[in-house]
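In what follows, a structure is listed as structure tokens, so that the remarks can point back to it.
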Amino acid sequence: MTWQFTLTGLLIGSIVGLTGMGGGSLMTPILVIVFGFKPTYAVGTDIVHGAIFKTFGAIRHRRLGTVHGHLTLWMFLGSGPLSLAGVGVATLIKHHYGDSAQSIESYAVGAALVAGGIGFLAKSFIKRGVKPDDRPFILTGRDKVIAVIIGAVFGFVVGLTSVGSGTFFGLVMVLVYPLTMPKIVGTDIFHAAALLWVAGIGHLVSGNVDLHATAWLLTGSIPGVLISSRFTVRLPDVVLRIALGTILLLSGIKLLKAPGSTWILLAGLIALGIGLAAYGVRAWVARPRSVEPQRA
């Protein structure tokens with residue numbers, strides 16, 4: 001199974017390149033639900049793939065000057081060590097709970113996906129918590145403490161489940177820090193790349209990574225993001241966030257094995273598809289039409 005991984009990587013890379021959003025959050029549920037990966041290996045493979053994949057975006061944002069270096073550093077002081085703690089917990093579950101380990105990890109990933117889906121939906125409706133400011137943002141002692149706490153909490157979640165590197169941090173930064181949106185996006189991606197490298201090495205050492213799948217995923221995702229980033233989709237951010245958030249939420253419900261979860265997933269995807277199609281038709285009908293010049 002190789003071309004299927006490449007196609008999946010191409011899909012994820014294209015979503016990220018077209019929308020600039022965290023389509024990478026879809027990787028773990030795809031590996032588990034579609035390819036039948038054990039959750040522990042899906043998490044490790046997703047994190048290593050994300051580390052390499054997001055490095056390209058991190059370098060680009062650093063060159064553009066949209067990374068707040070000090071904030072990244074203080075968040076990383078919390079997220080780096082705690083992501084390794086999350087990796088350690090995942091590895092302990094795998095070694096000490098035998099056959100039930102994957103079920104436990106599946107529930108953890110499912111809960112994180114539900115929270116991530118809610119986070120995406122919240123991003124759609126929460127505009128700002130703190131008014132953005134173009135002036136240089138100097139961190140106070142309180143800002144640094146908050147950054148370390150944010151990093152520690154969500155870094156642990158990322159290390160354990162792979163979910164949240166592109167969702168939770170950006171959402172909290174919008175609510176807490178007076179950064180412009182380009183700064184939030186750049187800082188989020190740069191920090192996510194650093195965090196995923198630490199967690200990825202931890203999962204690699206623990207034997208939780210399928211290197212074959214990782215390599216083939218990258219053959220699709222890297223060209224996908226490089227090519228698709230040259231284009232832009234016409235869907236508003238709010239529509240894209242609702243779509244991605246809904247998919248994450250449905251995937252989480254599936255992994256939590258809620259009663260009728262398969263039917264919920266199917267019905268949700270059908271409803272989402274109908275909604276997007278209806279929006280597309282409405283936008284097409286409402287588009288401005290060129291007026292032909294009248295003949296004399």
Side-chain angles (χ1 to χ4, degrees), residues 9-10 12-27 47-80 119-120 123-124 126-139 143-144 146-147 150-151 154-155 158 164-200 218 220-241 244:
L10 182 64
I12 297 299
S14 298
I15 291 174
V16 175
L18 284 170
T19 67
M21 297 181 186
S25 299
L26 299 172
M27 184 64 77
I47 287 178
V48 171
H49 167 267
I52 300 171
F53 178 64
K54 288 198 173 183
T55 297
F56 288 85
I59 293 172
R60 178 172 175 269
H61 278 282
R62 184 63 178 172
R63 289 176 176 173
L64 290 173
T66 54
V67 177
H68 193 296
H70 288 164
L71 180 56
T72 301
L73 174 62
W74 283 100
M75 286 196 299
F76 185 72
L77 287 177
S79 65
F120 256 111
K123 278 186 176 182
S124 305
I126 296 175
K127 300 303 179 183
R128 291 294 314 194
V130 178
K131 186 177 180 180
D133 197 332
D134 288 324
R135 292 177 298 178
F137 173 48
I138 308 299
L139 293 172
D143 293 327
K144 294 174 182 177
I146 292 174
I150 292 170
F154 296 124
V158 171
S165 64
T167 303
F168 299 136
F169 290 98
L171 175 60
V172 176
M173 279 192 286
V174 164
L175 297 174
V176 175
Y177 297 114
L179 297 175
T180 60
M181 193 52 66
K183 279 275 188 178
I184 287 176
V185 172
T187 302
D188 189 16
I189 291 177
F190 194 87
H191 169 262
L195 166 61
L196 291 175
W197 272 111
V198 173
L218 288 168
S221 61
I222 292 176
V225 73
L226 292 177
I227 294 172
S228 64
S229 60
R230 298 176 181 271
F231 306 94
T232 55
V233 294
R234 295 182 180 180
L235 289 175
D237 283 357
V238 64
V239 176
L240 291 168
R241 291 192 191 282
L244 289 174

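With sequence neighbours excluded, the residues forming a side chain to side chain contact (heavy atoms under 4.5 Å, CB included) with Arg60 are Leu64, listed by chain and number. Applying the side chain to side chain contact (heavy atoms under 4.5 Å, CB included) test to Ile138 and every residue at least two apart in sequence or in another chain returns nothing. Partners of Ser221 according to the side chain to side chain contact (heavy atoms under 4.5 Å, CB included) rule, which considers only residues two or more places apart in sequence or in another chain, are His49, Phe53, Leu218. In this view, Phe154 and Phe168, Phe169 satisfy the ring-ring contact (aromatic ring centres under 6.0 Å, His included) rule, not counting sequence neighbours.
Between Leu195 and Ser79, the shortest heavy-atom distance links the atoms CD1-O, 3.5 Å. In this structure, Val185 and His61 approach most closely via the heavy-atom pair CG1-CE1, 3.9 Å.
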Which pairs of donor and acceptor atoms, one on a side chain in residues 68-77, lie under 3.5 Å apart (sequence neighbours left out)?
unit_1	atom_1	unit_2	atom_2	d
His68	ND1	Leu71	N	3.1
His68	NE2	Phe137	O	2.8
Thr72	OG1	His68	O	2.9

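Here the CZ-OG1 distance, from Arg62 to Thr187, works out to 9.5 Å after rounding to the nearest 0.5 Å. Between Thr66 atom OG1 and Leu179 atom CG the span is 11.0 Å, to the nearest 0.5 Å. Put simply, CD1 on Ile146 and CG on Leu139 are 10.0 Å apart, with the number rounded to the nearest 0.5 Å. Separating the NE2 atom in His191 from the CG atom in Leu196 is a distance of 9.0 Å, to the nearest 0.5 Å.
At a threshold of 4.5 Å between non-hydrogen side-chain atoms, the residues Trp197 and Ile52 count as touching. Two residues are said to be in side-chain contact when any heavy atoms from C-beta on lie closer than 4.5 Å; Ile184 and Val174 meet this criterion.
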